[in-house]
Amino acid sequence: MNYDEAMTFIRDTEKYGSVQGLDNMFNLMDELENVQDKLKIVHIAGTNGKGSVGSFIGEVLKVAGFKVGRYISPTIFEYNERFQINNKFIAESKFCYICGKVKKAIEKIVSEGKCHPTSFEVETAIAFLYFYEEKCDFVLLETGLGGRLDATNIIKKNLCSVITSISIDHINFLGSSLSEIAVEKCGIIKNDSFTVSIFQDREVMNVIEKSCIEKKSKLIKVLKEDILYNGVQDYCQSFDYKNYLNVKIGLLGKFQVENASLAIEVIELLMRKGYNITKKNIYDGLFNAIWKGRFQVIGENPVFVVDGAHNADAAKRLRENIQIYFANKKIVFIVGVFKDKDYKKIAEITADLADEIFVFTLKSPRGLDAKIFCKEFLKYNKNVFYVSGVREAVSKSILAAGEEGAVIAFGSLSYMGEIIKIYGENKEVFMNEQAKEII
């Protein structure tokens, strides 16, 4: 199987849609000798912050000398990004080899009259097999959707379950209330285990505490009062957490301080379990962590930020960050989201902060029609403009912001890679256009 054949196989699995339940995974992983049960897994669920927390934990473990596998979604730059070991994407040759083994296993179970796995189930199996064959010391496993019925939840045990911030999202699948969504997320909690959670709304924390009691899982909480925010300098944040003083991280946004504190608790748990990790490893790893597309500054003059804020809770965090970092700047938005998101609430939360807003339709069947989104923004801001695509949005936003302003591109993570690529390849062209306008 070559790479084109492997990718064709993956794309063909998309026709099997999304299936709630773990039967397909049990069938597939039985055929692959249940390699997932031989991995040391930190399982991460939540609405926002899974990737950032995984990045913080992964960097600390990497600095400490461990081989760390990460399974993430969605990806920003390329497909292979979702299968990583110590930040290196799976090689095409290795992907083809692993994909071939999974395909063979699928052909066997289908021949026995069992259902064909979905795309995410196939990818999850690839991740498990890849990390097993590469003999990873740890695997940081992010749920795709929810937790209880997520394909990743086939694992019988883990080193710990990690619960990041939980808010309203994917209501068609997970429920319309915080408690219903929390129940799904808490489905990853294992019996006689450890669970580490960020502070949550009381409604959510009640569900987490109840789940941990029922499953006899020891709950470790990050408390808001244990975090002291020291401020930001040169796009680097500093904070204290318990006895960790003047911790520095390069990820912007006060919510990243909370995610880093959650990562510290997870690492401390691993240290108590006997893994050789030092306090210096924690400081160095947290500082090294990079999570692209999450309030990431990719350029200056004007400041250009990309952020995957695609639901109401993330929009609130984005608003807070804009008010902290860019209070006295002209603000220009670039926005595109999927139609199944709460776009009305996103517009309501963010619109008044911008001087100008450029909206486009994502290149996806799920993409929200930009004209519909424009109407929502126009309820709160009169300077809203429809653009044909990302390149036009980047060009016009840089021109609108001027050298002293800030461009904030947010919404679906699916287009962040395109934004970063277009900006990087055409920055000088866009700047020249800006200079001509000034002249």
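What you are looking at is a predicted structure, and each value in this text was computed from that prediction instead of being measured. Every heavy atom of this structure was used, including side-chain atoms; hydrogens, water molecules and symmetry mates were not.
- Counting heavy atoms from C-beta on, the side chains of Asp313 and Thr47 never come closer than 4.5 Å.
- Side-chain contact between Leu270 and Leu159: present, with at least one pair of heavy atoms (C-beta onward) separated by less than 4.5 Å.
- Between Phe410 and Phe333, the distance separating the two ring centers is shorter than 6.0 angstrom.
- One distance of note links OG1 of Thr124 with CG of Leu129; it measures 12.5 Å at 0.5 Å rounding.
- With contacts defined as side-chain heavy-atom distances shorter than 4.5 Å, the pair Tyr71/Leu140 does not qualify.
- In this structure, the side chains of Asp352 and Asn381 stay at 4.5 Å or more apart for every pair of heavy atoms.
- Checked against side-chain hydrogen bond (donor to acceptor under 3.5 Å, both in side chains), Asp226 has no partners two or more places apart in sequence or in another chain.
- The two atoms that bring Ser165 and Ile198 nearest to each other are N-CG2, 3.5 Å, heavy atoms only.
- By the 4.5 Å heavy-atom criterion applied to side chains, Val359 and Val387 are not counted as neighbours.
- Two rings, from Phe95 and Tyr130, have their centers 6.0 Å or more apart.
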Pair Gln296-Val305, side-chain contact (heavy atoms from CB on, under 4.5 Å): steps then yes or no: CA-CA 5 Å; Gln296 178 190 0; Val305 175; 5.9 Å; no

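- Atom CD of Glu33 sits about 10.5 Å away from atom CG of Asp30, to the nearest 0.5 Å.
- Open room surrounds CG on Asn276; 12 or fewer heavy atoms of other groups in view lie less than 6.0 Å from it.
- Annotation: side chain of Asn311 is in contact with side chain of Asn48 (closest heavy-atom distance under 4.5 Å).
- Distance check: Lys224 NZ to Phe199 CZ gives 4.5 Å after rounding to the nearest 0.5 Å.
- Salt bridge status for Lys363 with Glu418: present, with a side-chain N to carboxylate O gap under 4.0 Å.
- Applying the 6.0 Å contact sphere to NZ of Lys156 captures no more than 12 heavy atoms from other residues, nucleotides or ligands.
- Within a 6.0 Å radius of NZ in Lys38, other residues, nucleotides and ligands contribute more than 12 heavy atoms.
- Separation of the Tyr325 and Phe295 ring centroids falls under the 6.0 Å cut-off.
- Rounding to the nearest 0.5 angstrom, the gap separating the CD1 atom in Ile282 from the CE atom in Met271 is 4.5 Å.
- Using cut-offs of 30° and 60° for the angle between ring planes, the Tyr423 and Phe304 rings count as tilted.
- For the residue pair Ser397 and Ile334, the shortest heavy atom distance occurs at OG-CD1, 3.3 Å.
- No close placement of the Phe239 and Tyr229 rings is indicated, their centers lying 6.0 Å or farther apart.
- For Phe287, the CZ atom counts as loosely surrounded, since its 6.0 Å shell holds 12 or fewer non-hydrogen atoms of other residues, nucleotides or ligands.
- A donor-acceptor contact closer than 3.5 angstrom links the side chains of Ser217 and Ser193.
- The pair Lys396-Glu392 counts as a salt bridge, with a side-chain nitrogen and a carboxylate oxygen less than 4.0 angstrom apart.
- The list of salt bridge (charged side-chain N to carboxylate O under 4.0 Å, His left out) pairs with a residue in residues 55-75, not counting sequence neighbours, reads Lys67-Glu134, Arg70-Glu142.
- In this structure, NZ in Lys94 is found 13.5 Å from CG in Asn80, a value given to the nearest 0.5 Å.
- Side-chain polar atoms of His43 and Thr152 form a donor-acceptor pair below 3.5 angstrom.
- Here the straight-line distance linking atom CD of Glu209 with atom CG of Leu219 works out to 6.5 Å at 0.5 Å rounding.
- Residue Phe360 forms a ring pair (Phe, Tyr, Trp, His ring centres under 6.0 Å) with just one option from Tyr386, Phe385, Tyr415, and that option is Tyr415.
- Between Glu258 and Arg317, at least one side-chain nitrogen of the basic residue sits less than 4.0 Å from a carboxylate oxygen of the acidic one, meeting the salt-bridge criterion.
- With a 6.0 Å radius and a threshold of 12 heavy atoms from other residues, nucleotides or ligands, Asp12 has its CG atom above the threshold.
- Tyr16 and Glu121 form no side-chain donor-acceptor contact under 3.5 Å, judged by distance and modelled atom types alone.
- With contacts defined as side-chain heavy-atom distances shorter than 4.5 Å, the pair Ile126/Ile10 qualifies.
- In this structure, Lys242 does not pair ionically with Glu268, as no charged nitrogen and carboxylate oxygen lie closer than 4.0 Å.
- The neighbour count for Ile290 CD1, taken as heavy atoms of other residues, nucleotides or ligands under 6.0 Å away, does not exceed 12.
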From CA spacing to verdict: side-chain contact (heavy atoms from CB on, under 4.5 Å), Val196, Ser161: CA-CA 6 Å; Val196 187; Ser161 302; over 6 Å; no

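- Taking 4.0 Å as the cut-off between side-chain N and carboxylate O, Glu107 and Lys103 count as a salt-bridged pair.
- A donor-acceptor pair under 3.5 Å links the side-chain atoms of Asn158 to the main chain of Cys160, judged by distance alone.
- The 12-atom threshold is not exceeded at OH of Tyr132, counting heavy atoms of other residues, nucleotides or ligands nearer than 6.0 Å.
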Test log, rule side chain to side chain donor-acceptor pair (under 3.5 Å), inputs Gln256 and Ser52: CA-CA 7 Å; Gln256 295 294 10; Ser52 299; 3.0 Å; yes

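- Using a cutoff of 4.0 Å between basic side-chain nitrogens and carboxylate oxygens, Arg366 and Asp340 are scored as salt-bridged.
- The residue from Tyr283, Phe56, Tyr244 that alone fulfils the side-chain contact (heavy atoms from CB on, under 4.5 Å) condition with Ile264 is Tyr244.
- Ionic pairing of Asp369 and Lys375 is not present here: no N-O contact between side-chain nitrogen and carboxylate oxygen is shorter than 4.0 angstrom.
- Side-chain contact annotation: Gln36 with Asn34, donor-acceptor N/O pair under 3.5 Å present.
- Residues Gly46 and Ile166 come closest through the heavy atom pair CA-CG1, 4.3 Å.
- Under 4.0 Å is where a charged nitrogen must lie from a carboxylate oxygen, and between Glu112 and Lys108 at least one such pair does.
- Heavy-atom minimum distance, Lys185 versus Gly146: CD-O, 3.7 Å.
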Full working for side chain to side chain donor-acceptor pair (under 3.5 Å) between Thr13 and His116: CA-CA 8 Å; Thr13 63; His116 195 296; over 6 Å; no

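- At most 12 heavy atoms of other shown residues, nucleotides or ligands fall within 6.0 angstrom of atom NZ in Lys135.
- When all heavy atoms of Asn153 and Leu22 are compared, the closest pair comes out as O-CD1, 4.0 Å.
- Ion pairing between a basic and an acidic side chain is recognised when a charged N comes within 4.0 Å of a carboxylate O; Arg11 and Glu14 show no such pairing.
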CA sep, side-chain torsions, deciding dist, call: Val257, Leu251, side-chain contact (heavy atoms from CB on, under 4.5 Å): CA-CA 8 Å; Val257 169; Leu251 274 67; over 6 Å; no

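- The nearest pair of heavy atoms linking Ile419 to Val394 is CD1-CG2, 3.8 Å.
- The closest side-chain heavy-atom distance from Tyr343 to Ile372 is below 4.5 Å.
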